[in-house]
Amino acid sequence: MTAFLINLATLAAISGILASTLNFIVGYAGIFSVAHAVFFGLGAYGGAQVALLLVPNPFLACLVAAVIAGGLSLCLALPALRVRGEYFVAASLGLQMVAATLFAELKPLTGGIGGLVGIPRPELFGMVVPVLPLALVALALILWATARLQRGAFGRTLQSIRDADTAAEALGKNVNAAKTLAVAFACAGAGIAGALYALHLSFINVESFTLDQSIQIMAMVIIGGAGTLWGPLVGAVMLLSLPAVISFIPFIPPTEVGAVQQIIYGSAMTLLMIFRPAGLLGDMSKGKSTS
Amino acid sequence: MLFLQLLLNGLQTGAIYALTAAGFALIFGATKIFHVAHGIAFTIAGYVFLFAWRADWPSWLGVLASIAAAMLFGIVMERLVYRPIQRHEGSFFTVFVAAFGVSIVVQNIIGMIAGRGFATVDTPLSFSAEILPEIFVAPMLWIALATAAVLFVALTLFLTRHPAGVALRALAQNPDLIRTYGLSSNGLSVLAFAIGSALAAPAAIVTAMTTGLNEAIGHHVMLISIAATIVGGIGSLRGAALAGMMLGIAESLALTVVDTQWAEAVSFLVLFGFIIFRPAGIFGVTQTR
């Protein structure tokens with residue numbers, strides 16, 4: 001039971017990082033990416049390769065993952081600078097589909113459909129360390145950084161871009177630089193989550209980095225409340241504990257647990273959008289028309 | 001020869017994509033709603049036809065039931081999901097998330113009822129015959145192309161000649177003026193959803209008879225429709241249909257160079273390129289959004 005709870009807590013912390021970083025661009029900068037799992041995947045493969053080929057040092061793995069994901073975030077920043085709204089969502093969908101194919105097909109780097117197996121446990125100073133404390137520290141750091149940024153000049157610039165980017169530009173804000181930086185920060189964070197995920201499970205394959213995953217991360221942010229500090233975390237914990245809760249309901253056959261889980265979060269997404277579009281922790285007065 | 005064979009296969013896929021993309025473009029153009037649950041209308045239509053076939057209904061009745069089911073889904077979406085959201089000025093993203101939620105729910109319900117994995121309607125129409133040396137074509141190809149062509153002519157006539165069609169085009173251009181003239185924009189958007197969703201039904205039936213359906217197929221159809229609408233230029237039905245046809249052919253012809261797994265990625269590379277270099281699409285008016 002303890003092992004089960006530790007596993008759940010680790011996954012919740014990793015999902016918390018993913019949701020918080022996505023919230024950073026969705027909630028504050030108004031960049032609605034449905035490709036977050038791509039950068040999660042890039043970080044996971046990067047971190048896993050570091051652990052497999054070099055040393056299983058979690059800090060090195062996270063650093064490499066953040067650099068790869070942050071660097072390749074330009075693929076997402078580029079359409080974000082060119083287009084908005086529906087067009088950007090479509091571009092990020094396209095990026096997600098192409099990346100999933102790449103993950104499945106670039107066998108030397110990603111192991112293809114079979115994935116990468118036998119990723120060594122993370123070690124620090126010759127001792128095996130669990131991933132949970134690392135993930136919690138990373139989550140705390142990212143929440144702290146988000147809170148700081150939110151109050152600081154950069155956060156205000158982003159929010160002004162979200163609400164009226166022409167006005168922001170007219171006030172002398174460098175919109176392009178701010179968007180690129182925000183995307184790089186969020187994607188680097190997703191990369192770190194990926195490295196921790198790979199080290200925790202010691203097995204990764206493309207299944208965890210598909211559109212479904214991106215949508216699930218998006219659902220965490222939306223259900224919790226985009227643009228709030230704690231909302232995405234609440235959403236992450238809720239969505240992750242859902243399968244565990246469902247498996248305790250006696251009349252659902254185990255084969256249908258996945259489907260029931262998806263039906264629950266799908267309907268939660270729709271109903272929230274109709275009745276409470278700002279999310280559970282969102283401020284209703286601020287939740288309107290942030291496109 | 002392989003090239004010609006792939007081109008013919010691509011035409012069939014293209015006809016299917018063109019029909020669904022035109023439906024999506026019609027809805028988006030007239031109502032400005034990014035109807036990501038459009039793929040689900042396709043899935044529902046396909047499975048209704050499949051069940052009608054299995055229940056030994058005459059095929060015309062199956063086709064009618066399938067069209068009716070798709071239309072009903074579109075209308076229900078408009079009335080119960082999009083209308084309430086737009087009432088409190090929901091942003092486009094609120095609409096996107098709500099529609100995606102619906103597609104997740106319906107897809108899983110269909111998976112639970114109909115079972116997961118591929119299901120096909122077996123008909124002699126999809127048996128291939130050799131029409132030229134090494135070129136195999138099933139009668140289904142001609143049916144798909146003819147259906148697409150007839151429906152486009154009908155749709156164009158409707159949009160240019162029939163008063164309701166003209167009103168639909170007016171709604172796309174200036175919804176406020178429509179109200180000034182005393183027409184109901186609500187009624188017209190229901191009409192757009194009904195027609196747009198109905199266009200997915202023939203495509204779904206052709207798919208059921210050839211490559212088969214699975215519960216997740218709506219996802220793919222939705223992505224292709226979005227890609228075709230943007231590549232064709234938002235607001236242009238002709239563009240969406242043409243782009244859908246092109247994407248189908250491109251996916252098929254890409255097989256001469258790469259493996260099957262890459263077929264879908266080809267469409268999205270095209271989309272990604274268009275968004276970065278020509279966001280207005282082929283027929284669209286250049287505008288900065």
Side-chain angles (χ1 to χ4, degrees), chain A residues 26 30 32 34 75 78-79 81-102 104-105 113 211-212 215-216 218-219 221-223 226 255-256 258-275 277-278 284 287-291, chain B residues 28 32 34 36-37 80-85 87-109 111-112 116 215-216 219-220 222-223 226-227 229-230 234 258-259 261-277 279 288-289:
Chain A
V26 168
F32 299 105
V34 277
C75 296
L78 203 60
L81 300 183
R82 295 276 297 162
V83 291
R84 274 192 285 158
E86 292 89 350
Y87 286 77
F88 178 75
V89 171
S92 63
L93 275 175
L95 182 67
Q96 171 68 59
M97 303 311 289
V98 174
T101 314
L102 285 175
E105 296 305 316
I113 305 269
L211 179 62
D212 287 340
I215 295 297
Q216 188 166 356
M218 182 59 86
V221 175
I222 299 289
I223 291 175
T255 46
E256 303 292 350
V260 173
Q261 179 201 0
Q262 294 211 328
I263 289 174
I264 291 177
Y265 87 63
S267 28
M269 276 159 77
T270 308
L271 293 175
L272 271 174
M273 286 306 105
I274 297 175
F275 298 109
M284 274 309 282
K288 284 182 183 171
S289 60
T290 45
S291 71
Chain B
F28 187 70
K32 302 289 175 290
F34 203 58
V36 284
L80 297 187
V81 179
Y82 297 133
R83 181 89 46 94
I85 290 178
R87 203 170 289 146
H88 54 235
E89 305 169 53
S91 70
F92 100 89
F93 198 67
T94 318
V95 170
F96 175 84
V97 172
F100 216 102
V102 172
S103 32
I104 293 174
V105 172
V106 178
Q107 176 181 328
N108 280 289
I109 292 177
M112 286 168 89
R116 294 176 187 84
E215 78 286 352
H219 234 61
H220 175 78
M222 174 268 289
L223 292 167
I226 294 175
T229 305
I230 288 181
I234 291 205
V258 291
D259 288 336
Q261 309 87 292
W262 293 92
E264 199 178 39
V266 169
S267 283
F268 290 101
L269 274 180
V270 174
L271 169 68
F272 204 70
F274 261 94
I275 285 180
I276 288 180
F277 297 108
T288 37
R289 284 180 58 104

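All figures in this text were calculated on a predicted structure; none of them were measured in a lab. Throughout, protein chains are lettered first and strands after them, A, B, ... in sequence-line order, and every chain is numbered starting at 1.
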Notebook entry, point to check: Which heavy atom of A/Pro79 sits nearest a heavy atom of B/Ile275, and at what distance?
Noted result: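 In terms of heavy atoms, the two residues are closest at CB-CG2, 4.4 Å.
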
What closest approach, in Å, do B/Ile104 and A/Gln262 show between heavy atoms, and which atom pair accounts for it?
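Nearest pair, atom of B/Ile104 first, then A/Gln262: CG2-O, 3.4 Å.
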
Can you tell which part of [X] gets under 4.5 Å to a heavy atom of chain B, answering side chain, backbone, both or neither?
X	answer
A/Ile222	side chain
A/Ile215	side chain
A/Ile264	neither

Requested in this report: Could you have a look at B/Val106, B/Ile230, B/Val105 and say which one has the most heavy-atom pairs with chain A under 4.5 angstrom?
Outcome: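 Greatest number of close heavy-atom pairs with chain A: B/Val105.
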
query: If you tally heavy-atom pairs under 4.5 Å against chain A, which of B/Val36, B/Val266, B/Ile226, B/Leu223 wins?
result: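 Highest number of heavy-atom pairs under 4.5 Å: B/Leu223.
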
Item to check | B/Leu269, part contacting chain A, at a heavy-atom distance under 4.5 Å | outcome: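 Looking at B/Leu269, backbone and side chain both touch chain A.
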
Measure distances from B/Phe96 to the heavy atoms of chain A and classify the residue's part below 4.5 Å as side chain, backbone, both or neither.
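Only the side chain of B/Phe96 comes within 4.5 Å of chain A.
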
Using side-chain contact (heavy atoms from CB on, under 4.5 Å) as the criterion, list what pairs up with A/Leu272, not counting sequence neighbours.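 If we apply the side-chain contact (heavy atoms from CB on, under 4.5 Å) test to A/Leu272, skipping adjacent residues, the hits are A/Ile223, A/Arg276, A/Leu280.
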
Check your understanding: Between A/Met97 and B/Leu271, does a side-chain contact (heavy atoms from CB on, under 4.5 Å) hold up when you go through it step by step?
Key -> CA-CA 11 Å; A/Met97 303 311 289; B/Leu271 169 68; over 6 Å; no

Next on the checklist: Working to the nearest 0.5 angstrom, can you tell me the gap between A/Tyr87 OH and B/Phe34 CZ?
Outcome noted: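 If I round to the nearest 0.5 Å, the distance is 9.5 Å.
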
Apply side-chain contact (heavy atoms from CB on, under 4.5 Å) to A/Asp212 and B/His219, showing your working. CA-CA 10 Å; A/Asp212 287 340; B/His219 234 61; 4.0 Å; yes

Checklist entry - Among B/Leu80, B/Val81, B/Ile85, which one satisfies side chain to side chain contact (heavy atoms under 4.5 Å, CB included) with A/Thr270? => result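 Testing A/Thr270 for a side chain to side chain contact (heavy atoms under 4.5 Å, CB included) against B/Leu80, B/Val81, B/Ile85 leaves exactly one candidate, B/Val81.
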
- Task: State, yes or no, whether a side-chain contact exists between A/Met273 and B/Phe100 at a heavy-atom distance under 4.5 Å.
- Result: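 No, side chains not in contact.
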
Point to revise | Residue among A/Ile263, A/Val260, A/Leu271 with most heavy-atom pairs under 4.5 Å to chain B | key: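 It is A/Ile263.
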
Considering only distance and modelled atom types, tabulate donor-acceptor pairs under 3.5 Å from the side chains of residues 88-96 of chain A, sequence neighbours left out.
unit_1  : atom_1 : unit_2   : atom_2 : d
A/Ser92 : OG     : A/Val34  : N      : 3.1
A/Ser92 : OG     : A/Phe88  : O      : 3.4
A/Ser92 : OG     : A/Val89  : O      : 2.9
A/Gln96 : OE1    : A/Ser214 : OG     : 2.7
A/Gln96 : NE2    : A/Phe209 : O      : 3.0

